[in-house]
Amino acid sequence: PRELFVDEAFADHAYQDIALPIECGQTISQPYVVAFMTEKLDLDERHKILEIGTGSGYQAAVLSHLCRRVYTVERWRELQKAAERRFAKLGITNVTTIIGDGWLGWPPQAPFDRIIVTAAAKEAPPALLDQLKMGGRMIIPLGESRDAQQLVEIDKTEAGLTEMPLLPVRFVPLVQGRAGVGARVPKGARAVKPEDA
Ligand code: SAH
């Protein structure tokens with residue numbers, strides 16, 4: 001029920017295939033992009049997944065139905081708390097959330113079968129590549145600017161890492177460092193446009 005993951009003011013738009021604004025200047029991804037990333041993860045019910053960028057919790061909720069356990073990292077406490085309330089309301093018990101810097105992953109829970117990053121970076125964070133299992137896969141938007149991002153599939157094989165571009169996208173940036181208590185929405189954060197992911 002995507003309407004439970006958006007602000008009441010946007011509930012009427014919950015079933016349109018567009019990204020919508022959430023608290024802290026962030027966005028809930030476009031349903032098409034959530035579905036596309038989920039499909040590309042090629043999940044198995046035994047998988048343990050790491051998500052970077054909990055946001056509303058919608059992507060994590062979708063993943064929770066398709067794998068054993070989801071660990072999800074968010075830098076904004078307000079978003080993490082709201083997502084936890086939604087999981088409780090929906091009876092979702094296999095998602096664990098934490099506030100932290102997603103660049104660092106979640107070392108105590110590593111390695112992960114799959115990693116999904118829902119904010120864009122210039123390069124795949126090295127700590128996340130380290131925390132990916134051999135034979136595992138990461139789906140991450142990469143790009144130098146907001147207007148030039150590609151969703152990329154990274155596979156970790158015995159022969160090394162392979163990268164495959166999948167789809168042009170527009171995600172909010174993967175910011176380095178966790179948001180401090182009482183941190184402000186960054187200057188320049190703007191209302192989401194329909195083409196944003
Ligand atoms: N998956 C979300 C959409 C997330 S938008 C959903 O389904 O709603 C991207 C999120 O990544 C934002 O909430 C943003 O605060 C978070 N983020 C950005 N940089 C981060 C970082 N370094 N560590 C953790 N979360 C980060």
Side-chain angles (χ1 to χ4, degrees), residues 2 17-20 26-75 94-96 100-107 109-176 192-197:
R2 192 166 178 257
D17 193 17
I18 52 173
L20 291 169
Q26 307 303 317
T27 58
I28 175 173
S29 303
Q30 179 190 350
Y32 175 78
V33 173
V34 172
F36 186 87
M37 292 176 87
T38 304
E39 182 177 7
K40 290 296 172 188
L41 281 174
D42 192 23
L43 297 173
D44 182 300
E45 60 194 11
R46 288 162 301 180
H47 281 162
K48 177 175 164 183
I49 303 181
L50 175 66
E51 179 193 35
I52 305 301
T54 313
S56 68
Y58 181 70
Q59 172 78 70
V62 169
L63 297 175
S64 75
H65 292 283
L66 301 167
C67 66
R68 184 166 56 84
R69 186 156 280 282
V70 182
Y71 293 89
T72 180
V73 184
E74 172 56 53
R75 58 191 293 277
N94 61 340
V95 178
T96 310
D101 180 3
W103 277 90
L104 307 176
W106 197 328
Q109 293 299 341
F112 300 95
D113 298 288
R114 299 288 186 264
I115 298 180
I116 176 172
V117 183
T118 65
K122 286 192 178 128
E123 49 163 14
L128 298 187
L129 293 171
D130 283 349
Q131 291 168 35
L132 190 59
K133 261 189 200 167
M134 187 56 69
R137 176 176 294 177
M138 183 186 311
I139 303 290
I140 179 169
L142 294 178
E144 291 290 327
S145 75
R146 196 174 175 111
D147 297 317
Q149 296 173 10
Q150 278 285 335
L151 202 58
V152 176
E153 171 185 324
I154 301 177
D155 288 288
K156 192 174 195 173
T157 70
E158 296 287 355
L161 295 167
T162 62
E163 270 197 30
M164 190 160 63
L166 300 173
L167 184 76
V169 286
R170 253 165 172 265
F171 275 85
V172 295
L174 184 68
V175 179
Q176 214 139 4
V192 66
K193 288 195 184 150
E195 72 266 26
D196 287 5

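When reading the values below, keep in mind they use all heavy atoms of this one structure, side chains included, and skip hydrogens, waters and symmetry mates.
Atom CG of residue L166 and atom CG of residue L151 lie 5.5 Å apart, to the nearest 0.5 angstrom. Atom CD in E123 sits 9.0 Å away from atom CG in L129 (nearest 0.5 Å). In this structure, CD1 in I140 is found 9.0 Å from CD1 in I115, a value given to the nearest 0.5 Å. A distance of 9.0 Å separates CG in L104 from CD1 in I52, rounded to the nearest 0.5 Å. Here CG of L128 is found 6.5 Å from CG of L50. Values are rounded to the nearest 0.5 Å.
The closest side-chain heavy-atom distance from L142 to Q150 is not below 4.5 Å. Side-chain contact check for Y32 versus L167: some heavy-atom pair is nearer than 4.5 Å. By the 4.5 Å heavy-atom criterion applied to side chains, K133 and K156 are not counted as neighbours. With a 4.5 Å cut-off on side-chain heavy atoms, L174 and P125 count as touching. R75 places none of its side-chain heavy atoms less than 4.5 Å from the side chain of D101. Side-chain contact check for T118 versus V33: every heavy-atom pair is 4.5 Å or farther apart. Two residues are said to be in side-chain contact when any heavy atoms from C-beta on lie closer than 4.5 Å; L63 and L41 meet this criterion.
The main-chain N or O of I116 is never found under 3.5 Å from a side-chain atom of E51 such that the two would form a donor-acceptor pair. The closest donor-acceptor contact from the side chain of D155 to the backbone of T162 lies at 3.5 Å or more, if one exists at all. At distances below 3.5 Å, not a single donor-acceptor pair connects side-chain atoms of E153 with backbone N or O atoms of R137. Counting only distance, with no hydrogens or angles, the side chain of Q59 and the backbone of T38 share no donor-acceptor pair below 3.5 Å.
In terms of heavy atoms, F171 sits closest to A120 at CB-N, 3.9 Å. Contact record, V34 with S29: CG2-CB, 3.8 Å, taken as the closest heavy-atom pair. Smallest separation of non-hydrogen atoms from V73 and G105: CG2-O, 4.4 Å. Between I154 and A124 the shortest heavy-atom distance is CD1-CB, 3.8 Å. Nearest approach of D42 to H47, heavy atoms of both residues: O-CE1, 3.8 Å. The nearest pair of heavy atoms linking Q131 to A110 is CG-CB, 3.6 Å.
In summary, R170 and D147 engage in a salt bridge, as defined by a charged side-chain N under 4.0 Å from a carboxylate O. Ionic pairing of K48 and D113 is not present here: no N-O contact between side-chain nitrogen and carboxylate oxygen is shorter than 4.0 angstrom.
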- Report the C-alpha distance between D44 and R68 in whole Å, list the side-chain angles of each, state the deciding distance to 0.1 Å, and finish with yes or no for side-chain contact (heavy atoms from CB on, under 4.5 Å). CA-CA 8 Å; D44 182 300; R68 184 166 56 84; over 6 Å; no
Item to complete: Begin with the C-alpha distance, continue with both residues' side-chain angles, and end with the deciding distance and a verdict on side-chain contact (heavy atoms from CB on, under 4.5 Å) for R114 and L43.
Response: CA-CA 8 Å; R114 299 288 186 264; L43 297 173; 3.8 Å; yes
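Residues satisfying the side-chain hydrogen bond (donor to acceptor under 3.5 Å, both in side chains) test with R69, not counting sequence neighbours, are T96.
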